[in-house]
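Heads up: the structure comes next, in structure tokens.
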Amino acid sequence: MKIILEAVDLKKVFRVGKIDVPALRGVDLQIKEGEFLAVMGPSGCGKSTLLHILGGLLTPTSGRVIVDGMDISAISDKERTEIRRQKIGFVFQRYNLFPTLTALQNLELARQIHSGKNGHSGRERLDEILELLGLKDKMNHKPLEMSGGEQQRLALARAILTQPAIVLADEPTGNLDSVNSQTVLRMLRELNRKYRQTIVMITHEKETAAVAHRIVEMKDGRIINRVQNFCYATELEGIV
Ligand SMILES: Nc1ncnc2c1ncn2[C@@H]1O[C@H](COP(=O)(O)OP(=O)(O)OP(=O)(O)O)[C@@H](O)[C@H]1O
Ligand SMILES: [Mg+2]
């Protein structure tokens with residue numbers, strides 16, 4: 001068993017004017033390679049903050065984040081950006097696609113940014129991913145010419161194209177109807193099972209969290225509950 005991502009006593013305080021807003025109040029979390037973890041909890045409890053810190057987009061006020069053996073809290077911004085490029089695929093709560101680029105250009109940009117890693121261009125995967133996500137005939141559309149579901153699937157394609165060690169997904173089904181949600185969830189499950197892709201997914205919905213191996217529940221900046229999903233007990237044996 002290898003720990004691919006670890007948070008040690010993470011705290012984050014945002015300063016808004018003269019007021020301190022504590023978003024994380026001491027979070028400890030270990031994520032195993034190949035694990036599919038869901039993070040749940042009410043709005044404002046710190047889920048996105050945690051995900052952004054785990055992925056090196058935000059720095060914690062105190063505590064440490066260890067990505068694949070490397071303590072990213074103790075390195076420069078430049079080095080952290082590099083680790084992020086190499087190891088992390090983000091799917092954001094809002095899709096964060098480039099509106100002036102077509103779908104294909106959005107994917108190509110991501111590939112250029114990540115290229116060089118493992119000598120792997122991701123090209124061989126593109127067709128397979130587009131097929132799975134039903135995006136093949138949308139490649140010349142710009143994000144605003146796509147439905148919400150298509151944009152979210154494109155954001156997912158972009159995150160997984162370069163085979164990151166860890167996919168961090170912030171409510172990837174939050175804005176989708178049930179059909180699109182099912183497609184995205186099926187894709188994440190398949191990715192996890194087929195490629196042992198490590199995934200951390202935030203969600204509000206119990207049914208969505210049910211696809212994960214393990215569910216952690218947050219409240220007021222803390223993890224208050226951790227449960228294994230025994231539906232996948234045999235699958236987990238291969239990981240744990
Ligand atoms: N950039 C920021 N500046 C100030 N306060 C912030 C900032 N980002 C988040 N917060 C505050 O930190 C707390 C946690 O926010 P966070 O976005 O992590 O919540 P969340 O659990 O993801 O909520 P949601 O389910 O609504 O997305 C909230 O009180 C929020 O207002
Ligand atoms: Mg959030």
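Ligands are counted one by one from 1 in listed order, and the atoms in each one are counted from 1 as well.
A heavy-atom cutoff of 4.0 Å around ligand 1 is satisfied by the protein residues Phe14, Val16, Val21, Ala23, Pro42, Ser43, Gly44, Cys45, Gly46, Lys47, Ser48, Thr49, Gln93, Glu171, His204.
Expressed to the nearest 0.5 Å, how far CG of Leu161 lies from CG of Leu126 amounts to 5.5 Å. Between Leu132 atom CG and Lys194 atom NZ the span is 6.0 Å, to the nearest 0.5 Å.
Side-chain N or O atoms of Asn192 include one that pairs as donor or acceptor with a backbone N or O of Gln197 at under 3.5 Å. Side-chain atoms of Thr102 never come within 3.5 Å of backbone atoms of His141 as a donor-acceptor pair (strictly under, hydrogens ignored).
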Which pairs would a plain distance check flag for residues 198-211, meaning a side-chain donor or acceptor within less than 3.5 Å of a matching protein atom at least two apart in sequence or in another chain?
| from | atom 1 | to | atom 2 | distance (Å) |
| --- | --- | --- | --- | --- |
| Thr198 | OG1 | Gly34 | N | 2.9 |
| Thr203 | OG1 | Glu205 | N | 3.0 |
| His204 | ND1 | Glu171 | OE1 | 3.0 |
| His204 | ND1 | Glu171 | OE2 | 3.1 |
| Glu205 | OE1 | Thr208 | OG1 | 2.8 |

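A heavy-atom distance below 4.5 Å is found between the side chains of Arg158 and Leu97.
Look at Thr49 and the Mg ion (ligand 2): no N/O/S atom of the residue is under 2.8 Å from the metal.
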